[in-house]
Each structure stands twice: as C-alpha cells, then as structure tokens.
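Just below is one structure, and these are the notes that go with it.
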There are 2 protein chains.
Amino acid sequence: MDWKPDKSLQIPVYIQISNYIETRILNGEYPSGSSLPSERALAQELDVNRSTIVAAYDQLRSLGLVNRIKGFGTVVTLAATVDGDIKRVPNWDEYVKGGFLHLNNPMTRQIHKSVGSDKPYINFAIGELSADLFPAVLMQKAHNQLDMSQYLGYEHIQGNLRLRESIANHLQTYRNLSSTASSLLVTSGAQQALQLIVQCLLKPGDSVAIEDPSYSYSLPIFHSAGLRTYLLPVEQDGIDPEQIVSLYKQHRIKMVFVNPIYQNPTGATLTSERMKILLEISTKYGIAIVEDDPYSLTSYDQTPVSVLKSMDQDGSVLYVSSLSKIISSGLRIGWIAGPQSVIHRLTDAKQQMDFGQSNYSQWIAAQLLSSAELDNHLMRLRIGLERKLHLTINALRAELGDDVQFDAPRGGIHLWCKLEGEWDEQQLFNQAIENGVVIAPGSTLGSKSGCVRLTFSKVDDPLIRPGIQKFAEAYRAVKHRR
Amino acid sequence: MDWKPDKSLQIPVYIQISNYIETRILNGEYPSGSSLPSERALAQELDVNRSTIVAAYDQLRSLGLVNRIKGFGTVVTLAATVDGDIKRVPNWDEYVKGGFLHLNNPMTRQIHKSVGSDKPYINFAIGELSADLFPAVLMQKAHNQLDMSQYLGYEHIQGNLRLRESIANHLQTYRNLSSTASSLLVTSGAQQALQLIVQCLLKPGDSVAIEDPSYSYSLPIFHSAGLRTYLLPVEQDGIDPEQIVSLYKQHRIKMVFVNPIYQNPTGATLTSERMKILLEISTKYGIAIVEDDPYSLTSYDQTPVSVLKSMDQDGSVLYVSSLSKIISSGLRIGWIAGPQSVIHRLTDAKQQMDFGQSNYSQWIAAQLLSSAELDNHLMRLRIGLERKLHLTINALRAELGDDVQFDAPRGGIHLWCKLEGEWDEQQLFNQAIENGVVIAPGSTLGSKSGCVRLTFSKVDDPLIRPGIQKFAEAYRAVKHRR
C-alpha cells in the first residue's frame with residue numbers, strides 16, 4: 001500500500017487503518033469474497049505492531065465488512081447486496097456498547113426487571129412503599145381537588161411555583177430547614193437530583209467520597225462521569241468525618257455524598273457531633289457536601305431528627321429529598337435545595353434533559369404537601385414501617401436463627417443483614433428469584449460481600465413471613481454449595 | 001523548595017504545583033497575609049514555564065486561598081478563621097463552571113426564562129400549544145376516568161404497559177408504523193429521547209450529522225458528549241441525502257439526526273424520493289438514523305404524510321415522537337421506537353437518570369391515546385394551527401411588507417423568516433423582549449444568521465397581530481443601528 005497511518009493524529013492508528021481499508025472495500029478495490037493481507041504482512045508493511053492490525057480487523061468485523069474464515073484469513077463479507085452494492089445495516093450491538101452512561105451492574109439490572117414484571121415476586125429489593133402504606137384517600141382527595149381547566153403547557157423548569165412554596169413550608173415545618181422557592185429545584189426523585197449534580201458540578205478526574213456501603217455505590221453515574229470515588233466506611237454512628245481530611249490531603253476530594261439519617265442500606269444515623277465535625281471540615285477545606293435525605297421523616301419513635309442541612313450556616317450542603325419514600329415513588333417528585341448559582345446551573349441542565357417535570361405530578365404533590373392530613377399519614381406510615389420491620393425481624397429469627405445478624409434501625413425502610421458461612425452472592429440472588437423473592441445482594445451497595453439488604457417497606461404485611469421463608473430456603477440451598 | 005513536579009504523572013503539572021502549595025498553606029507554612037514567591041522566581045525554581053505557575057496561582061485563587069494584591073504579588077488570603085484555622089466554604093462558582101453537560105447558549109437560556117415568568121410576554125419562541133388549542137374537555141374526561149385506587153409505585157421503567165400498547169396502536173393507525181410495546185420506551189418528551197440516544201449510543205470523538213438549521217443545532221448535548229457535528233443544509237425538499245455519503249467518506253458519520261416532516265424551524269418536508277435515498281444510504285454504509293417526528297399529525301390539508309420509519313425495513317431508524325405538540329407539553333410524554341437492544345440499553349439509562357416517568361401522566365396519556373375523541377381533537381388542532389399561521393402571515397405582511405421573507409409551511413408550528421437589511425441578533429432579541437414579545441433568533445437554531453423563528457402555535461389568536469406589531473417595532477428600531 002502507498003498509504004501509511006499518521007501517528008501524529010489524534011485518531012488512533014487502528015482506526016485510521018480500519019477507515020482506510022473500509023474506503024477501499026467500498027470503492028470495490030477488495031470485492032466481496034476477497035482476502036485481506038495477513039495480519040503479519042500488513043503490520044510489516046505499515047510499520048505497526050501486529051496487535052494494531054488485529055484491532056483494525058476487529059473493527060472492520062464489527063462493522064460487518066469482513067469475516068474470519070478458517071484457511072482464508074480475513075475475508076470481505078459476502079453480504080446481501082443492493083443493486084450490486086454491499087448492504088450494511090447499522091450495527092446496533094456496537095452502538096449500545098458505547099456511550100457516556102455506563103450500564104447498571106447485572107444484578108441491579110435484574111432487580112429493576114422485577115419492577116413491573118408479570119411474575120408476582122415478593123420484592124425485598126425495591127425502595128418504595130407497599131400498597132398497604134399508600135395514602136389512597138389522601139391521594140384521591142388531592143386528585144379530586146385538581147382544577148383541570150388549568151392550561152397544561154410547560155411549567156417553569158425549576159418547578160411549579162406553588163409546589164416549590166409548599167416544599168419550602170414543608171422543609172421549615174418538618175425539618176427545621178429554611179429555604180425559599182427560588183433556591184429549590186423540583187426533580188424526578190432524588191435519583192435525578194444526584195444525576196444532575198454529578199453531570200453539572202464535577203469534571204472527569206475529580207475525586208469524590210461516598211459511603212461504603214451506600215446507595216451511591218450502586219450508581220454507575222460516578223464512573224460514567226470519569227470521577228475517582230473513595231470510600232468512607234459507615235459505622236454505627238455513620239461515617240467518621242476525619243477520614244475525609246486524610247482523603248482530601250491525598251486526593252483533593254471535591255464533594256462528599258452522604259445519607260446521614262437511617263442510611264441506605266445500614267440504617268445508621270450520623271450523630272450530631274459527627275455532623276458538626278463534618279460541616280467544619282467542609283468549610284475548612286472547601287469541600288461540597290451532598291446530603292441525600294429520603295428517610296428523616298420515618299423515625300419510628302416520632303422524635304424529630306435534625307438533618308445536616310439545618311445546621312449548615314455557610315451554604316456548603318446541597319440538600320436532596322423526595323416524596324418517594326413517604327408518599328409515592330410513582331409521583332416522581334424530588335427536590336434539591338442549595339445556593340442560587342447551583343440551582344440555576346442545574347435548572348438549565350434539567351431543561352436539556354427532560355424539559356421539566358410533568359404538571360400533573362407537581363400539582364398533586366403541591367396538594368399533598370399542603371394538606372392538613374399529611375401529618376396523620378406520616379404517623380400511620382411510621383407505625384406501619386415499624387410493624388413491617390418487626391415482622392421481618394421475627395421472621396428472620398424464626399427462619400435463620402443465628403445465621404443472620406443485623407442492627408435493627410430506628411427509622412427508614414431497610415434492614416442490612418450479614419449472613420453466616422460461605423455462600424455465593426450470585427447463586428443466592430438467582431435461587432431467591434427462582435423461589436419467587438427478590439433481594440439486593442450486598443455487593444451492589446458496597447465493597448464487601450457477605451451481606452444482603454432487605455427492604456421491608458415494599459412487602460405487604462401478610463407476605464413478609466412467606467417471603468423471608470423463601471429467602472431462607474434459598475440461603476440454605478446455596479450455603480456451602482460452592 | 002525541595003519539591004519538584006513529576007511530569008510523568010497524569011495529573012497536570014499546574015495542578016501538582018497548586019496542590020503542593022495548598023498543602024503548605026494548610027500546614028501553616030505560608031500563614032495568612034504572607035506572599036508567595038513571584039511567578040518568575042517559582043517558574044525558574046521548579047523548572048517549568050511561567051504560564052504554568054500563572055495557572056497554578058489561578059487555581060489557588062479559585063480555591064479562595066490566595067489573592068493578587070498590587071505591590072505585594074500573590075498573597076495568602078486573610079480569610080475568616082475558625083479556631084485560628086482558615087475557613088473556606090465550597091466555591092460554588094467554580095463548581096458550576098465544570099461539569100459534563102454544557103450550558104444552553106445565553107439566548108436560549110433567556111427564552112427558557114420566559115417560560116413560567118410572571119411577565120405576560122407574547123411568546124413566539126416556545127414550541128408548544130396555546131390555551132385555545134388545548135383539549136380541555138378531552139383532558140377532563142381522561143382525568144375523571146382515572147381509577148385512583150390504583151397503587152402508585154414505580155412503574156415499569158420502560159413505561160406503563162397500557163400506555164405502550166396505546167402508543168403502538170396509535171402509531172399503526174396514524175403513521176402506518178408497526179411496533180410492539182416491547183420495542184417502545186416512554187420518555188420525558190422527545191427532548192429526553194435525544195438525550196438518552198446521545199449519552200448511550202455515541203462515544204466522544206464520534207461524528208454525527210445534523211440539519212442546518214434545526215432544533216438539534218440548539219442542543220448542547222452534542223458538544224457536551226464530545227461529538228463532532230457536521231451540518232446538512234435544509235433545502236425546500238429537506239436535506240440532500242447524498243451529502244451524507246461525502247460526510248461519511250471524510251468523517252465516518254455514525255448517526256444522522258433528522259426531522260423530516262414540517263421541520264423545526266424551516267417547515268420543510270423531506271420528499272419521499274429523498275427518504276428512500278436516505279434509507280438506502282443508511283443501510284449501505286451502516287449509518288444509524290434518528291427520526292424526530294413531533295409534527296407529522298399536524299398537516300393542514302389533512303392528507304396523511306409518510307414518516308421515514310414507516311419505510312424502514314432494516315431497523316436503521318430510531319423513531320422519536322411525543323404528545324407535546326399535539327396534546328400537551330406539560331404531560332411530558334414522548335417515546336422512542338427502535339431495535340430491542342437499543343430499547344434495553346436506553347431503559348437502563350432512564351432508570352439511572354430519573355427512575356421512569358410519572359404514573360399520572362402515563363395513565364392520562366393512555367386514556368387520551370385510546371379515546372375515540374382524539375380524532376376530532378386532531379382535526380380541530382390542524383384547523384387551529386393553520387388559522388394561527390394565516391394570522392401570523394397576514395400580520396407580518398401588514399407590518400413588515402417586503403422586509404420579511406418566508407416559505408409558508410403546510411403543517412407544523414413554526415415559521416422561519418428571513419429579515420432584510422443589516423441588524424444585530426442580540427439587539428433584536430433584547431428589543432423584542434423589552435417590547436413584550438419573545439422570538440427565537442436564527443443563530444440559536446443554525447449556523448447562518450439573518451433569520452428568526454416565529455412559533456405561532458403558542459400565541460392565542462387575538463394576540464398574534466399585537467405580538468407581530470411589537471416584533472416589527474423591535475426590528476425597525478434595531479435595523480441599521482449597528
């Protein structure tokens with residue numbers, strides 16, 4: 001060949017070679033059925049490593065242009081032809097492998113498949129409320145009060161104003177947290193809030209700290225965005241803030257993600273001493289904090305818990321919460337409270353992502369948050385959650401005895417269990433699914449295995465015992481199997 | 001200093017220097033008020049360019065650690081202190097500058113600010129239906145028929161099954177397009193569909209082709225994702241597909257984004273001959289096509305128009321549409337139809353982004369799409385849109401005469417106008433806003449200026465003439481000003 005790859009270009013050499021050969025195939029210079037040069041010969045000719053040619057031929061194969069045929073080497077495909085031309089439909093399998101956003105891990109994908117599945121799984125893996133905790137009457141009232149003559153155009157992208165005012169009032173009343181409608185952005189649950197924060201406020205190569213184990217750990221967004229994540233072990237009193245200092249000195253941590261109250265999955269709550277230290281460290285080193293707070297209103301003993309943001313006097317904390325764990329996940333209403341400049345930046349991104357939240361949900365959410373009956377609902381919710389926790393614990397004790405260990409949380413919806421002995425996570429997960437019960441294996445939420453998360457909020461009371469029974473059977477079946 | 005930056009590390013040298021000095025400041029080695037070495041001196045000492053030191057000091061300044069003080073050089077900040085320590089709250093202005101997702105361009109941002117604003121702008125810039133085209137009765141009925149005893153948990157992330165079945169039926173009936181519920185993903189309007197496609201199916205450095213002018217042109221997502229975008233000029237018959245071939249040969253185009261019917265902003269429709277050629281080129285070179293189709297049901301003369309996807313026999317086209325331009329943008333219901341592997345990949349990403357669409361909207365959308373009265377609504381909609389177009393054209397003729405040129409579209413919601421003479425886009429935009437009317441300057445949608453887009457669907461009939469009058473006044477005020 002007269003041509004040589006140009007090693008000074010930004011385009012990788014194997015791509016240059018694949019592009020060049022592709023052009024020659026399309027020009028008819030290598031007709032269907034003809035053989036390309038051997039990898040060794042071409043490597044010599046173009047003065048590159050043989051592995052570069054292998055990569056170039058792989059690329060051509062993924063484009064559907066060539067095949068490896070034993071005894072013939074790499075052969076131009078005898079493709080279906082249109083008017084004598086080669087026909088190549090877009091190779092979607094290649095497209096789906098690319099992309100900025102990484103896939104969820106396989107077990108997390110299977111868990112999500114169980115949502116909305118036809119099969120009647122008993123689901124201990126999804127963080128939402130069961131039908132028996134759902135405030136159907138409250139919801140019906142909110143629905144009936146909607147004025148449907150309202151015009152249904154795009155909402156203010158930051159969120160319906162009445163809803164933002166209701167959220168601000170709600171935060172003041174229930175979490176002792178001052179905010180205004182202008183400093184709130186309505187999001188599609190806390191999930192989108194985290195997504196927006198990562199995509200808008202951090203750059204590839206930035207370092208962040210997340211809890212281990214945690215919900216954040218399960219999110220591919222941190223790696224999709226090219227962030228370096230460092231782990232803060234969660235103890236009974238939550239994370240040890242001093243560890244942030246050493247992480248900062250080594251890695252210049254830019255942001256810390258915490259779920260301080262009834263943490264997912266451990267149920268741990270950060271003590272107020274540790275909260276204070278965390279805030280001091282944040283304002284000493286200029287490290288931003290993201291507080292994810294889905295559960296603070298679910299205290300079983302009704303005593304109010306202070307959220308981190310309520311102590312934040314310097315605006316170091318972005319506060320994220322939602323209605324998903326206290327009213328309904330299907331509404332898709334969450335929010336971020338934070339400094340004005342951040343809210344503006346994230347609002348612009350939300351416009352790009354989805355053009356704002358659905359009006360319907362926002363109107364209903366506004367009704368719910370300003371309803372006088374919300375307080376009663378929350379009371380019933382707390383009692384209901386604690387009942388489910390006890391049912392779960394009793395069932396675990398009865399079915400698994402000392403094989404299972406846990407710290408019972410004082411609020412929230414998750415029970416983090418350590419299971420004794422040798423067992424394989426994937427096997428346990430699969431066997432549980434086969435038995436009709438879905439659980440979240442510990443490794444999807446943290447770096448160490450040996451644990452599972454049982455989310456008891458989603459299961460109707462009468463199904464808790466049978467569900468735990470099926471789970472226990474799965475555990476006994478796979479224990480010591482490997 | 002005993003220390004030297006390590007040029008073999010991945011961390012940029014200026015960051016290494018800034019990190020090192022930061023540590024020394026935090027250690028108290030450079031107390032508040034002390035001066036750092038001059039840039040020249042430190043550059044010599046560390047054996048780097050002076051510009052590297054400038055960048056390192058800039059970084060320290062952005063962290064709030066140092067200031068430039070005339071006569072003293074770079075001085076460690078006399079910051080507020082906590083127990084004698086330096087206090088540095090997170091510098092949010094720095095955070096918001098970073099991030100994967102770029103900001104919308106400033107004029108687009110101003111347009112979005114006008115949505116939900118208190119000021120009663122006459123808005124020719126937002127692509128949605130006006131209150132007088134809104135199917136209030138249809139909507140009220142759908143609302144009343146909702147069974148609110150339904151439990152409101154997470155939906156299937158791909159979308160409510162009943163809604164997906166309704167969409168499949170709708171596509172068959174109205175667009176002669178075969179699909180099944182499994183090959184559909186419900187999205188937050190077409191906006192999110194495009195976002196998901198770009199973030200999941202393309203890699204940084206990939207080349208794509210978009211129309212010029214087009215809505216795609218206005219989206220920062222292409223550049224956020226590190227794509228190379230190439231432009232396909234839109235003619236009266238839409239794009240010239242042959243240009244894709246030459247772009248492909250030069251740049252290996254991987255995906256083409258088109259809005260073939262009543263294009264935003266030109267109103268042009270791709271002829272069926274060109275559609276055929278486009279599909280042939282797609283399957284000859286393996287180039288994926290994304291068809292954005294918000295407007296095909298809005299033909300003023302009621303004749304059905306064939307969408308590209310209905311001719312696609314090889315699965316080369318991802319078809320994107322929504323209810324935003326035919327029923328309500330506030331519902332936030334759109335969808336993608338495409339190959340199974342793509343739908344699975346995008347569904348996983350949608351779970352990560354927002355955990356699925358709100359149930360309410362989905363239930364109402366399913367009611368609307370299966371309502372027998374949809375047909376009547378669409379009929380009224382087409383008549384209403386054509387009336388608004390005529391009102392707009394008549395007003396333009398009366399107010400601006402030969403100073404304005406356009407091709408009247410035969411469907412859709414936009415009128416693309418060329419304005420004579422010398423005028424500055426930003427001045428026209430600002431003056432129009434001041435006069436109380438919002439328009440979309442041409443450059444936000446395309447590479448060439450001299451045009452504006454007037455979206456007539458959003459303005460109530462009686463306001464069209466006054467709106468155009470205000471716009472014409474703005475134009476006359478800024479013409480020849482510069």
Side-chain angles (χ1 to χ4, degrees), chain A residues 85 87-93 95-96 98-101 103-104 112 115-116 128 131 134 136 139-140 143 148-149 151-157 188-189 191-192 195 199-201 203 225 283-284 286 288 314 316 328-332 339 341-342 345 348-349 351 353-355 358-361, chain B residues 85 87-93 95-96 98-101 103-104 112 115-116 128 131 134 136 139-140 143 148-149 151-157 188-189 191-192 195 199-201 203 225 283-284 286 288 314 316 328-332 339 341-342 345 348-349 351 353-355 358-361:
Chain A
D85 291 333
K87 183 165 178 179
R88 271 163 59 199
V89 299
N91 186 344
W92 292 111
D93 292 340
Y95 282 89
V96 300
F100 161 80
L101 269 183
L103 276 166
N104 274 302
H112 294 139
V115 180
E128 62 173 3
F134 175 68
M139 206 65 113
Q140 183 70 54
H143 177 78
M148 287 304 301
S149 64
Y151 161 59
L152 209 60
Y154 290 120
E155 273 289 356
H156 195 303
I157 290 158
S188 181
Q191 183 89 357
Q192 186 179 50
Q195 189 83 18
Q199 289 208 9
C200 296
L201 305 180
K203 288 189 288 287
T283 53
K284 180 167 176 185
D314 299 297
S316 309
S328 150
S329 48
L331 276 176
R332 308 307 307 122
S341 58
V342 172
R345 174 73 162 96
D348 182 80
Q351 185 279 325
M353 279 193 169
D354 61 17
F355 231 117
S358 143
N359 303 16
Y360 267 95
S361 293
Chain B
D85 291 334
K87 183 166 179 178
R88 271 163 59 200
V89 299
N91 186 345
W92 292 110
D93 292 341
Y95 282 89
V96 301
F100 161 80
L101 269 183
L103 276 166
N104 274 303
H112 295 137
V115 181
E128 64 173 3
F134 176 68
M139 206 64 112
Q140 183 69 53
H143 177 79
M148 287 305 301
S149 65
Y151 162 60
L152 209 60
Y154 290 119
E155 273 290 356
H156 194 304
I157 290 158
S188 181
Q191 183 90 355
Q192 187 179 49
Q195 188 84 17
Q199 290 208 8
C200 295
L201 306 180
K203 287 188 289 287
T283 53
K284 179 165 176 187
D314 300 297
S316 310
S328 150
S329 48
L331 277 176
R332 308 307 308 123
S341 58
V342 173
R345 174 73 162 97
D348 183 80
Q351 186 278 325
M353 279 193 171
D354 61 16
F355 232 117
S358 142
N359 302 16
Y360 267 94
S361 293

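Residue numbers begin at 1 in each chain, while the letters A, B, ... track the order of the sequences.
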Value for OG (A:Ser329) from CG (B:Asn359), rounded to nearest 0.5 Å, stands at 7.5 Å

Here the gap from A:Ser361 atom OG to B:Leu331 atom CG, rounded to the nearest 0.5 Å, amounts to 10.0 Å

Of all heavy-atom pairs linking B:Gln351 and A:Asn104, the shortest is OE1-ND2, 2.7 Å

Does B:Arg345 use its side chain to pair, donor to acceptor, with the backbone of A:Gly98 at less than 3.5 Å?
-> yes

- Query: Does a side-chain heavy-atom distance below 4.5 Å link A:Met353 with B:Leu101?
  - Reply: yes

Residues passing the ring pair (Phe, Tyr, Trp, His ring centres under 6.0 Å) test with A:Phe355, sequence neighbours excluded, are A:Tyr154, B:His112

Honestly, the part of B:Ile157 sitting under 4.5 Å from a heavy atom of chain A is side chain

The reported gap from OG in A:Ser188 to CZ in B:Arg332 (rounded to nearest 0.5 angstrom) is 11.5 Å

### Query
Do any N or O atoms from the side chain of A:Asp348 and from the backbone of B:Leu103 form a donor-acceptor pair under 3.5 angstrom?
no

Per-residue tally against chain A (heavy atom, under 4.5 Å) across B:Ala349, B:Gly189, B:Gly286 peaks at B:Gly286

Cut-off 4.5 Å, heavy atoms of chain B, and the answer for A:Gln192 is both

When every non-hydrogen atom of B:Trp92 is compared with those of A:Ser341, the smallest separation belongs to CB-OG, 3.8 Å

Turns out that what part of B:Gln191 lies under 4.5 Å from chain A's heavy atoms comes down to both

Okay, A:Ala225 and chain B: the region with an atom under 4.5 Å from a heavy atom over there is neither

Kindly indicate whether the side chain of B:His143, heavy atoms from C-beta on, has any atom under 4.5 Å from the side chain of A:Tyr360.
yes

